[in-house]
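For reference, the structure is listed below as structure tokens.
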Amino acid sequence: MEKVYDHRKTEKKWYQFWEKSEFFRPRFNPKKSPYTIIMPPPNANGELHVGHATFIAVEDILIRYHRMRGQPSLWLPGADHAGILTQVVYERELEKQGKTRFDLGREEFYRQTYQFTMKNKKHMEAQLKALGASCDWTRERFTLEPEITKAVYTTFKDLYEEGLIYRGERIINWCTRCGTALSDLEVEHEEKKGKLWHLKYPIKNSKRKAQSVKFITVATTRPETMLGDTAVAVNPSDKRYENLIGQSVILPLTKREIPIIADPVVDPDFGTGAVKVTPGHDPVDFEIGQKHQLEIISVIGQAGQMTKEAGRFAQIKIAEAREKVIKALEKEGFLERTEDYTYSVGVCERCREVVEPLISKQWFIKIQPLAEKALQAVKKGDIKILPKRFEKIYFNWLENIRDWCISRQIWWGQRLPVYYCQELNNSECKVKNGIFVSVDPPNECPHCNSAKLEQDPDTLDTWFSSGQWPYTALGWPKKQQADSRKQRAAKISDFDYFYPTSVMETGYDILFFWVARMVMLGLYATGKPPFHTVFLHGLVRDENGKKMSKSRGNVIDPLTVAEKYGADAVRLALVFGTSPGNDINLGESKIKGMRNFTNKLWNIGRFILSNKPPVQRSRICKACVPANGKSQDEKEDRWVLGELEKTKEKVTKDIENYRFGQAAEELYDFIWHKFADKYIEHSKGRREESQPILEKVFEESLRLLHPFMPFITEELWQKLPNKTSESIMVASWPD
RNA sequence: GGGCUCGUAGCUCAGUUGGUCCAGAGCGCCUCGUUUACACCGAGGAGGCCAGAGGUUCAAAUCCUCUCGAGCCCACCA
């Protein structure tokens with residue numbers, strides 16, 4: 001054995017061995033309850049980052065542990081097409097060639113993005129393997145493969161036919177760069193320094209009597225939207241405006257007459273207590289408009305410029321229009337004053353462009369009924385969220401949820417399974433507006449048999465498909481699909497056997513985006529919770545707790561450090577001393593420390609395995625050591641075996657309770673400071689006698705350590721003179 | 001506006017239902033040591049009124065209240 005452990009000589013070798021031996025594939029056994037983790041499918045548009053490495057470290061611990069406990073354990077890998085993000089990434093690639101997606105056209109763009117995605121996916125698979133993920137590659141899935149898409153369409157159709165998916169013209173978040181609608185979650189809010197403009201709206205007929213015109217003053221951060229105002233609202237209990245309610249104002253610049261209305265959402269203490277209402281460009285105003293049946297005027301278009309409704313400001317970009325409107329208002333004496341103001345603007349999560357609320361015809365999920373069940377599932381304890389504090393956050397989100405806009409005006413993704421019959425004069429089609437949903441591409445309209453059909457050009461929100469991942473990846477709804485011959489004989493499909501899954505392990509940042517949606521859609525489509533436990537890990541930050549980002553230059557690339565220090569070291573560094581749900585600070589020094597531990601382990605092995613075999617290799621167990629031997633040696637023996645027992649107990653309990661950081665510390669402390677520093681040092685004076693105990697403690701330590709550090713433990717296991725299985729992966733967990 | 005997390009050794013963090021690992025680990029620092037497992041090492045050491053104040057208790061880093069600091073998430077802040 002070399003003096004220093006070289007991970008480069010072992011890691012690849014053992015991964016290939018495991019995969020070839022089919023150790024990653026669970027053996028179907030109807031008598032045993034399976035253990036299943038569906039891997040959060042990485043986005044197939046780039047490299048794996050340290051966040052991926054975290055879930056690999058944690059999920060692989062769980063899977064390897066349960067596998068060693070004898071459960072048929074499935075860790076199902078996959079990749080996500082990641083809708084808008086991938087489209088943005090590939091558009092940037094095109095930009096380098098001076099092209100846009102429109103130069104390619106929809107089909108060609110899709111084809112190229114598909115190729116790009118496949119290339120990335122392949123690369124990511126290699127990265128997952130390099131990090132030691134013991135997932136079942138024979139079951140790997142991709143969100144855009146036909147089977148998955150069909151399953152996603154099936155759910156869409158069911159929801160549509162139950163009236164839970166509808167098409168509506170409503171106010172949505174619009175990204176002018178991406179040219180698509182976004183859900184509320186895809187909009188991030190940024191603080192921005194701007195102005196609060198106070199505008200004076202003249203009250204109609206107010207100058208008949210007096211010389212001076214009476215005004216009502218409203219404040220706004222977006223003066224250009226005043227062109228689309230269709231009311232001024234005040235609080236009904238506001239004494240100041242009591243007698244103005246019901247009157248109207250003449251909207252400056254447009255000369256339109258709009259009413260003064262009363263609505264309780266208006267806060268009388270904010271600003272002047274009077275607010276301009278622009279139902280076309282503000283979500284709150286939209287709701288006020290609905291309540292009071294106000295006209296909707298869209299003055300901002302999808303390209304980020306003023307529409308013809310904006311009159312003389314038409315075609316002008318928003319920012320410029322803002323200045324021009326202010327100038328015009330000032331000139332005409334409608335600008336009362338201006339003050340500095342910090343407000344928040346919505347920006348597109350993917351491209352950071354400012355998001356415009358505007359009216360558009362989109363597809364929505366009526367979410368309340370689904371949310372209610374998702375709430376109950378956690379409240380009743382059918383699903384446990386760990387750490388528990390996230391349950392509260394989950395409840396809060398679901399209790400205040402709004403309908404989910406699921407249509408996107410992008411090309412990359414699953415196209416809506418919605419078709420429009422062009423024979424709208426047919427009576428049956430008239431009733432249904434010629435709209436129908438079909439899982440398979442239809443040849444004709446189901447109502448009038450017309451072949452003149454058009455498919456909706458929109459694509460589905462990527463989270464609508466990933467929200468169904470736990471069951472679509474397992475082959476739902478095609479029940480016959482089974483993996484092994486035994487399964488087929490028992491007529492049990494993967495879905496039957498492995499669903500509901502055991503644990504959903506992911507970062508807390510996608511609790512809403514993904515976890516909550518999986519619960520809602522899983523309960524809806526399968527009638528069962530998609531998993532029993534949600535375990536949320538923290539986000540990885542740099543060694544000073546700062547967010548990792550390319551611009552800061554503090555990014556740790558997991559593959560680079562794995563190459564340098566070994567995948568085992570990186571994985572251990574990601575769990576050692578961490579606690580559930582709390583962020584993880586990671587610096588290279590920590591990884592280096594863990595690398596040192598792998599070397600320590602290696603040298604413990606080198607010491608024990610290079611010892612001459614003992615004169616007689618007696619069977620070692622606690623009972624074999626004289627229970628009340630009085631010699632120092634016997635005390636040492638009993639001590640180390642007792643410590644081993646304690647460690648086994650603690651580590652097992654820690655893993656069962658998801659305290660991986662604690663478990664790692666226990667193992668580190670026992671192996672290094674108790675076993676090596678104390679017992680082994682002491683054994684040097686009586687090597688032959690202590691050899692059986694050395695071997696026993698070493699062998700069990702390797703098994704305990706294996707879920708955390710799979711590679712080095714396998715390498716050492718293979719060197720054991722009396723190993724009990726052909727791989728440590730399939731050895732039993734020490735009890 | 002609502003909610004969450006954190007504040008423990010110079011730095012980064014553990015500390016499970018309050019008591020027999022309760023004051024810990026890694027990195028860093030100091031002294032010594034190249035004894036045939038390991039210098040990616042060993043032996044020893046310095047260093048913390050567990051943010052502050054009050055309370056509950058026989059007993060609190062651990063539970064409760066408040067204060068002060070740091071960060072994060074949600075929200076219809078015109």
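Excluded from the calculations below are hydrogen atoms, water molecules and symmetry mates; all remaining heavy atoms, backbone and side chain alike, are included. Below, chains carry the letters A, B, ... as their sequence lines are ordered, and counting in each starts from 1.
In the interface, the side chain of A:Gln662 is not paired with the base of B:rA25 through any donor and acceptor atom under 3.5 Å apart. With hydrogens and angles ignored, a donor-acceptor pair closer than 3.5 Å exists between the side chain of A:Lys600 and the base of B:rC38. Between the base of B:rC21 and the side chain of A:Glu666 there is a donor-acceptor pair shorter than 3.5 Å. Judged by distance alone, with hydrogens and angles left aside, A:Lys684 brings a side-chain donor or acceptor within reach of the base of B:rA37, the pair sitting under 3.5 Å. Taking 3.5 Å as the limit, the base of B:rC40 and the side chain of A:Arg595 contain a donor-acceptor pair of atoms between them.
Closest approach to the A:Ser579 side chain among B:rA14, B:rC77, B:rA37 is made by B:rA14 (side chain taken as heavy atoms from C-beta onward). Taking every side-chain heavy atom of A:Arg606 into account, B:rC38 is the closest of B:rC38, B:rA14, B:rG42. Taking every side-chain heavy atom of A:Ala676 into account, B:rA37 is the closest of B:rA37, B:rC4, B:rC73.
Here A:Tyr668 lies in heavy-atom contact (under 4.0 Å) with sugar-phosphate atoms only. Heavy atoms of A:Val4 sit under 4.0 angstrom from at least one base atom. Residue A:Trp672 is classed as a sugar-phosphate contact, given heavy-atom separations below 4.0 Å to backbone atoms only. Counting non-hydrogen atoms under 4.0 angstrom, A:Val266 reaches a base of the nucleic acid. Note on A:Ile393: nothing from the nucleic acid sits closer than 4.0 angstrom, heavy atoms only. Among the protein residues, A:Gly577 comes within range of the sugar-phosphate backbone only, with heavy atoms under 4.0 Å from sugar or phosphate atoms but none that close to a base. Residue contacts shown for A:Asn582 are limited to sugar-phosphate atoms, with no base heavy atom under 4.0 Å away. The residue A:Tyr343 sits apart from the nucleic acid: no heavy atom pair falls under 4.0 Å. Note on A:Ala233: nothing from the nucleic acid sits closer than 4.0 angstrom, heavy atoms only. Among the atoms of the strands shown, none is found under 4.0 Å from any heavy atom of A:Lys388. Across all strands shown, A:Asp267 has heavy atoms under 4.0 Å from base atoms, whether or not it also approaches the sugar-phosphate.
No side-chain heavy atom of A:Ile260 sits less than 4.5 Å from a side-chain heavy atom of A:Ser248.
Nucleotide B:rC72 forms a Watson-Crick or G-U wobble pair with B:rG3, both donor-acceptor distances falling under 3.5 Å. When both pairing distances are held under 3.5 Å, B:rG48 makes no Watson-Crick or G-U pair with any nucleotide shown. B:rA61 makes up no base pair with any nucleotide shown, lacking Watson-Crick or G-U wobble contacts both under 3.5 Å. Under the Watson-Crick or G-U wobble criterion, with both distances below 3.5 Å, B:rA43 is paired with B:rU31. Under the Watson-Crick and G-U wobble criteria, each requiring two contacts below 3.5 Å, nucleotide B:rA23 is left unpaired. Look at B:rA9: it lacks any Watson-Crick or wobble partner with both distances under 3.5 angstrom. Applying the Watson-Crick and G-U wobble criteria (two distances, each under 3.5 Å), B:rG18 pairs with nothing in any strand.
When the P atom is compared between B:rG10 and B:rC29, the two are found 15 Å apart, to the nearest whole Å. One P atom belongs to B:rC64, the other to B:rU57, and the distance between them is 16 Å to the nearest Å. For the P atoms, the distance from B:rA51 to B:rU16 is 14 Å, rounded to whole Å. Of the P atoms belonging to B:rC6 and B:rU17, the separation is 13 Å, rounded to the nearest Å. For the P atom pair drawn from B:rU8 and B:rA14, the interatomic distance equals 11 Å after rounding to whole Å. Atom name P, nucleotides B:rA59 and B:rG1: the rounded distance is 40 Å, in whole Å. Comparing the P positions of B:rC58 and B:rU12 gives a spacing of 39 Å, expressed to the nearest Å. When the P atom is used for both B:rA53 and B:rA61, the distance is 13 Å, rounded to whole Å.
Residue-to-nucleotide proximity on RNA chain B shows that, of A:Lys3 and A:Arg402, the 5′-proximal contact is made by A:Lys3. Heavy-atom nearest nucleotides on RNA chain B were determined for A:Leu586 and for A:Pro268, and the one closer to the 5' end corresponds to A:Leu586.
Here the C1' atom of nucleotide B:rU16 and the OH atom of A:Tyr658 are 15 Å apart, to the nearest Å. In this structure, CD of A:Glu399 is placed 17 Å from P of B:rG2, rounded to the nearest angstrom. Between the CG atom of A:Asn599 and the C1' atom of B:rC41 there is a distance of 9 Å, given to the nearest Å. Between A:Ile288 atom CD1 and B:rC76 atom P the separation is 13 Å, expressed in whole Å. The nearest whole Å value for the distance from the CD atom in A:Glu681 to the C1' atom in B:rG33 is 13 Å. As rounded to whole Å, 17 Å separates atom P of B:rG1 from atom CG of A:Asn396. Whole-Å rounding puts the A:Trp397 CH2 to B:rG2 P distance at 23 Å. Atom OH in A:Tyr508 sits about 12 Å away from atom P in B:rU5, given to the nearest Å.
The environment of NZ in A:Lys366 is sparse: at most 12 heavy-atom neighbours from other residues, nucleotides or ligands sit within 6.0 Å. The number of heavy atoms from other shown groups lying within 6.0 Å of NZ (A:Lys379) is above 12.
Relative ring orientation between A:Phe270 and A:Tyr341 is described as perpendicular, the plane-to-plane angle rising above 60° on a 0-90° scale split at 30° and 60°.
For A:Phe535 and A:Phe660, the ring centers sit closer than 6.0 Å to each other. In this structure, A:Phe576 has its ring center under 6.0 Å from that of A:Tyr668.
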| side chain to side chain contact (heavy atoms under 4.5 Å, CB included) between A:Tyr201 and A:Phe334, intermediate numbers included | CA-CA 7 Å; A:Tyr201 287 1; A:Phe334 295 116; 6.0 Å; no
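Taken from CD1 in A:Ile712 to CG in A:Asp568, the straight-line distance is 6.5 Å, to the nearest 0.5 Å.
OP1 or OP2 of B:rC41 sits under 4.0 Å from a side-chain N or O of A:Asn596. Within the structure, a side-chain polar atom (N or O) of A:His673 is placed less than 4.0 Å from OP1 or OP2 of B:rG26.
For the pair A:Arg337 and A:Trp197, the cation-pi test (distance below 6.0 Å, angle within 45°) is failed.
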